[in-house]
There are 2 protein chains.
Amino acid sequence: MNLQEAPKSCDINTRLESQGIYPTAQRVAVARFLFERYQHVTADEVYDQVRRSANVSKATIYNTLALFSRKGLIREIVADPARIFYDSNTTPHHHYFNIDTGTISDIEADVQPSLSPESLPAGTELHSVDVVVRLRNSRAAAHLQ
Amino acid sequence: MNLQEAPKSCDINTRLESQGIYPTAQRVAVARFLFERYQHVTADEVYDQVRRSANVSKATIYNTLALFSRKGLIREIVADPARIFYDSNTTPHHHYFNIDTGTISDIEADVQPSLSPESLPAGTELHSVDVVVRLRNSRAAAHLQ
DNA sequence: TGGTTAGTTTGGACTTAGTCTAAATATACC
DNA sequence: GGTATATTTAGACTAAGTCCAAACTAACCA
């Protein structure tokens, strides 16, 4: 592997290892990018950014994002019909999706659907509850189109 | 156009025209399929089904679904990261999405997030609120994988 | 009735997010 | 070091969805 040793961050390595994730250079590079701040990013954005500082392939980006997501380190946001966003903030919250700009942002106020778990369809268990509030840019002249 | 005249349904034509949609044979065929009962279907399923009784192209299926959705006759469901579902039931309700089977079903019980519209981000207006409850098939042995 | 125009449909090429695969590489463990 | 296991890789591939310019249809009117 021709990847220069990524500067070890104890936090990152510990965080990965605590989830049973072997901290390879590529995974650490992806994690460093994702966790440097809360953000909503697509696989492509992660690829473009992480590639600047580390050798990593597209397949590994997809593998790693799926792995992190499965392990609960990040969260998939299915809101844009054209792509998946990943959220490095895994605390419970919901999202705005602006259908004009294709951007995602956090909902600050509480929007907590109450769900009685015993009412789930037979043979299933709860995975997650996603609330997406779709927004449009407001138009001065609402009658257009 | 070599499409045999679709048997006119007064309901369907009225429904389309009431939304300012010109009831072409293709649109009527799509509408007849969609509205014969409440269902959650992908563009591909609509294409396969409608093609049995009418000559229609893939492009028209996509155009028509987008048009119906824009006009509020059907509703887009963004839940499966791989495809869009269309729901011919437009009354307010939310959805289960089974991530193991990729199927969508309606939530019967009320899951109504309370949302104060004045808290929306500046310059935006509400388009819709989507609640997707993700389910897994329950496993007898929950420790697997 | 035929001509003009506007709206709709079409096949097929194209785009693009994401997956797959088999080979190469890296790591762990004896 | 040698073997086994896990990870990464390039690049081919898939599939949902878009785009486009040509063909078709319908409406309107002289």
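The chains referred to below are lettered A, B, ... by the order of the sequence lines, with proteins before strands, and numbering in each begins at 1.
A/Arg70 places its CZ atom 10 Å from the P atom of D/dT7, with the value rounded to the nearest Å. At whole-Å resolution of the value, CD in B/Glu45 and C1' in D/dG17 are 15 Å apart. Between the CG atom of B/Asn55 and the P atom of C/dT10 there is a distance of 7 Å, rounded to whole Å. As rounded to whole Å, 15 Å separates atom C1' of C/dT27 from atom CG of A/Asn13. If you measure from atom CD1 of B/Ile61 to atom P of C/dT9, you get 10 Å, rounded to the nearest angstrom. The interatomic distance linking B/Ile21 (CD1) with C/dG7 (P) rounds to 15 Å, in whole Å. Atom CZ of A/Phe68 is separated from atom P of D/dT7 by 12 Å (rounded to the nearest Å). Atom C1' of nucleotide C/dT10 and atom CG of B/Asn63 are separated by 10 Å, given to the nearest angstrom.
For residues 88-107 of chain A, the set of pairs meeting the salt bridge (Lys or Arg N to Asp or Glu O under 4.0 Å) definition, not counting sequence neighbours, comprises A/Asp100-A/Arg139. For the salt bridge (Lys or Arg N to Asp or Glu O under 4.0 Å) condition, the pairs that include at least one residue of residues 35-50 of chain B, sequence neighbours left out, are B/Asp48-B/Arg51.
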Between the protein and nucleotides 11-15 of chain D, which nitrogen or oxygen pairs are less than 3.5 angstrom apart?
none

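Distances shown here put a side-chain N or O of A/Thr24 below 4.0 Å from the OP1 or OP2 atom of D/dT8. Proximity of B/Ser57 to the phosphate of C/dT9: no side-chain N or O atom is located under 4.0 Å from OP1 or OP2. Within the 4.0 Å cut-off from OP1 or OP2 of C/dT19, not a single side-chain nitrogen or oxygen of A/Tyr62 is found.
Rounding to the nearest 0.5 Å places OG1 of B/Thr124 at 10.5 Å from CZ of A/Arg136.
Contact of the A/His94 side chain with the A/Val132 side chain is not registered, since no non-hydrogen atoms from C-beta on lie closer than 4.5 Å.
Legend: residues meeting side-chain hydrogen bond (donor to acceptor under 3.5 Å, both in side chains) with A/Arg83, ordered by chain and number and at least two apart, are A/Asp80. For B/Ile104, the side-chain contact (heavy atoms from CB on, under 4.5 Å) partners are B/His40, B/Ile77, B/Ala79, B/Phe85, B/His95, B/Phe97, not counting sequence neighbours.
For B/Arg27, counting side-chain heavy atoms from C-beta on, the closest listed nucleotide (D/dT8, D/dA16, C/dT8) is C/dT8. Nearest nucleotide to the side chain of A/Ala43, out of C/dT10, C/dG18, D/dT9: C/dG18.
Take the nearest nucleotide of DNA chain D for B/Ile84 and for B/Tyr22: the residue whose nucleotide is more 5' is B/Ile84.
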Sequence neighbours excluded and cut-off under 3.5 Å, please list the side-chain donor-acceptor pairs for residues 58-65 of chain B, or say none.
residue : atom : partner : partner atom : Å
B/Thr60 : OG1  : B/Ser57 : OG           : 3.2
B/Asn63 : ND2  : B/Ala59 : O            : 3.3
B/Thr64 : OG1  : B/Thr60 : O            : 2.7

